[in-house]
Q: 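Here it is, the structure, as structure tokens.
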Amino acid sequence: MEVDPCEELTDDDIRTAIQDASGPRSTLFVPEVPFDVLIRRQIARLLDPCVQCARFVYDELIKMSHSCMVNELQRFPVLREQMDDVTGNFLHDGLQSSETMIGHVVEMEVIR
């Protein structure tokens, strides 16, 4: 909700894109190419919020993993620490691959 799709897009940008696509003559139908160019620019702006969302999910999963530890593990601090490390590493690896995938998806949409 915080990302405004038209934040950096003005009426002049749209008008200029349509004029650039149609040339000096006016056309009956609005060409599709200028909208593709404008949309690609807006899609590229989504990369940072998407990566931020993935990091929020990672942080929440880390919190959940800490709260799911059973009381019996308090008697075995080394085991609990090892479980924290394994869980944290697993989630961190997932975060890295998620960030890479998000970057690739946004890049594909921008290049397409």
Side-chain angles (χ1 to χ4, degrees):
M1 298 303 271
E2 293 178 12
V3 177
D4 181 14
C6 298
E7 182 178 321
E8 295 179 7
L9 190 63
T10 64
D11 290 344
D12 289 336
D13 291 338
I14 296 170
R15 193 172 308 123
T16 302
I18 292 172
Q19 288 174 350
D20 288 348
S22 63
R25 59 183 167 75
S26 65
T27 58
L28 181 60
F29 299 105
V30 177
E32 187 176 307
V33 174
F35 292 106
D36 285 345
V37 171
L38 296 173
I39 293 300
R40 287 182 186 140
R41 193 170 69 193
Q42 296 304 96
I43 289 173
R45 291 182 50 230
L46 291 175
L47 179 63
D48 290 336
C50 290
V51 170
Q52 184 181 16
C53 181
R55 290 182 182 153
F56 286 151
V57 170
Y58 168 77
D59 291 339
E60 191 62 32
L61 287 172
I62 289 290
K63 288 177 191 174
M64 288 174 62
S65 72
H66 291 299
S67 68
C68 288
M69 293 293 175
V70 292
N71 291 335
E72 287 80 18
L73 282 179
Q74 300 301 327
R75 296 184 311 181
F76 307 105
V78 175
L79 176 62
R80 187 177 56 79
E81 184 178 318
Q82 288 295 319
M83 287 183 67
D84 278 346
D85 288 344
V86 169
T87 305
N89 289 338
F90 176 76
L91 292 175
H92 189 266
D93 291 344
L95 174 65
Q96 288 177 334
S97 60
S98 297
E99 288 177 344
T100 302
M101 190 180 337
I102 289 168
H104 289 170
V105 168
V106 170
E107 184 179 334
M108 283 189 314
E109 290 298 321
V110 169
I111 292 174
R112 184 172 63 110

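Heavy-atom basis, side chains included; hydrogens, waters and symmetry copies ignored.
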Q: Could you give the distance from OG (S65) to CE (M83), rounded to the nearest 0.5 Å?
A: 9.5 Å

Q: At what distance, to the nearest 0.5 angstrom, does NE2 of H92 lie from OG of S97?
A: 10.5 Å

Q: Are V106 and I39 grouped together when hydrophobic residues (ILVMFWY) are joined by side-chain heavy atoms under 4.5 angstrom apart?
A: yes

Q: Identify the heavy atoms of H66 and D84 that sit nearest to each other, and give their distance.
A: ND1-OD1, 3.6 Å

Q: Provide the closest heavy-atom pair for L47 versus G103 in the form atom of the first, atom of the second, distance.
A: CD1-CA, 3.8 Å

Q: In terms of hydrophobic clustering (I, L, V, M, F, W, Y; side-chain heavy atoms under 4.5 Å; direct or indirect links), are F90 and I62 co-clustered?
A: yes

Q: Spell out, yes or no, whether L91 and M64 are grouped together once hydrophobic residues are joined by side-chain heavy atoms under 4.5 Å, including indirect joins.
A: yes

Q: Would R45 and Q42 satisfy side-chain contact (heavy atoms from CB on, under 4.5 Å), going step by step from the backbone distance to the final call?
A: CA-CA 5 Å; R45 291 182 50 230; Q42 296 304 96; 3.1 Å; yes

Q: Show your working on side-chain contact (heavy atoms from CB on, under 4.5 Å) between E99 and R55 and close with a plain yes or no.
A: CA-CA 9 Å; E99 288 177 344; R55 290 182 182 153; 2.7 Å; yes

Q: Mind checking the SG-CG spacing from C53 to D48? Nearest 0.5 Å is all I need.
A: 13.0 Å

Q: Taking all heavy atoms of A54 and all of I102, pick out the closest pair and write down the distance.
A: CB-CD1, 3.9 Å

